[in-house]
Amino acid sequence: IQEYRDSNLILTVEIEDRNRVHHLVLLPSISKAYELRERLKRYSNNIEVEGRPKVTLGGGELMEIVREAGGLIGPAHAFTPYTSLYKSFDSIYQCYGRKPDFVELGLSADSDMGDMVEELRDIPFLSNSDAHSYHPYRLGREFNQFEVRGIGGLEENFEEIRRAIKHKKILANYGLAPALGKYHLTACSKCYLRYRIEDAIKLNFRCARCGGVIKKGVYDRTLELSRDKKVIHPEFRPPYYRIVPLSQIISLSIGRGIDTKVVENLWRKYIEHFGNEIEVLIKEDISNLMKINEKVGRTIEMFRKNRIYYYPGGGGEYGRILKTPPKIRWYKPVTTLDNWLK
C-alpha cells in the first residue's frame, strides 16, 4: 500500500446503477475504497469479481453513499445511447435529485455540445478515457488539465483534484474530436448506415436496410435536450482541445490498419522519442517528426492546420480521419415517386 501512497494516482471506479446509468466515482484513499466496497456489497452480486460492478441503487442513493465515503461522483459518458444518464433520463436531477460534482462528456461529445444543455452550464466537465483495450494507444485518449498546488500521495492528490473541480479550476479539457466517437451520429448498430433523426423516428428506430436497431446519436440527443439550441459557455468553462489519436494519424499516413504491428511499432517509436502523444500532435517541431516518418509528419502538419476531415462515427462504429471530405452513407427515404419509377 505504501508504494501506492507515494504514486501520482487517483483512485476511480465506474459503477452501474439499477437504471443502467454508469457513474464515475473518485475516492481519496485505499481505506475509503474498502469502506465504499463494504457499503455497496449488500446492493451488488458482482462487486467482488467485476471491474464495473452493478448495484441495485438509484443515482441519488449511490451519490449519498459515495459522498459519505468522502468521494466525488458524476455521470460517466453522460450522453451515449447505452448505459448513460441521458439515455435513461431527460434531466440530471431526475437521476440524482441534486447537482453532481461533475459531468463526464464521453468520446462522442465535447464542451460545445455539453453547453447546449442549459442545466449543465454551471457544472464542471471532465474529459476522460477509460481503458477497455490492451492496446497502449487507447490509453489517455482524453484527459484534463487541472490547476494544482503540488503532487503528493493519494490523499493529497485527491484533495487537489477535489479543489480544482469544486472551485472550477480546470484549465483545459483534451478530447477526441466528437465525430471520432462511435456514437456521435444516429446510425444503425448493425450495418452502421447513418440516419437523420426524423427518419429514424419514422422507422421506429429499425433500420430500413438490414432491420437492425438504430441508435440515437449523441449529437441528436444534445439537440433534444437543448431548449434554446445555443452553445453558451459559462465564464469558468476552460477551452476544449480536440485531438486525434496518433495511431489514427499513423494508420492514415502509411495506409495500414490501425491494429497492425507496423502501426503500433511506429507509434512506439514516436512515444520513445518525444514522451507522449500531445508532444507529438501539438508541440514538437514538424521537421523533427518527419525525421521518423515523413508521411506521418506531413499528416500531423495537416491536423495542426485544421485540414483533416472526419467520417463521423455512429451506431457503435468509431469515426475516422480522412484527407478529403467524407461521403457519408446516409439513409435515403424511398418516396412514392421512387416506387412508381421502379
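- Using modelled atom types, one finds no donor on one side chain facing an acceptor on the other under 3.5 Å when comparing H273 with E279.
- Around NZ of K323, the count of heavy atoms belonging to other residues, nucleotides or ligands within 6.0 Å exceeds 12.
- Salt-bridge annotation for R329 and E317: absent, with no side-chain N of the basic residue lying under 4.0 Å from a carboxylate O of the acidic one.
- If you run side-chain contact (heavy atoms from CB on, under 4.5 Å) between L289 and each of D285, N293, I286, only I286 comes through.
- Within 6.0 Å of the NZ atom in K229, the count of heavy atoms belonging to other residues, nucleotides or ligands exceeds 12.
- Hydrophobic side-chain contacts under 4.5 Å tie L185 into a cluster, directly or through other members, with Y309, Y311, L322, I328, W330.
- Outside the 6.0 Å centre-distance limit, the rings of H167 and F236 are not counted as a close aromatic pair.
- In this structure a side-chain-to-backbone donor-acceptor pair under 3.5 Å is present from R194 to Y192.
- In the model, D112 has a side-chain atom that pairs as donor or acceptor with a side-chain atom of H233 under 3.5 Å.
- Of the options K54, E104, E16, a side chain to side chain donor-acceptor pair (under 3.5 Å) to H22 is made by E16 and by none of the others.
- Taking 4.0 Å as the cut-off between side-chain N and carboxylate O, R37 and E48 count as a salt-bridged pair.
- Atom CZ of R98 is surrounded by more than 12 heavy atoms from other residues, nucleotides or ligands within 6.0 Å.
- In this structure, a donor-acceptor pair under 3.5 Å is absent between the side chains of D220 and T222.
- The backbone N or O of V21 lies less than 3.5 Å from a partner atom in the side chain of D17, making a donor-acceptor pair.
- A salt bridge links E14 to R52: at least one charged side-chain nitrogen sits closer than 4.0 Å to a carboxylate oxygen.
- Taking the ring centroids of Y219 and F79, they lie at or beyond the 6.0 Å cut-off.
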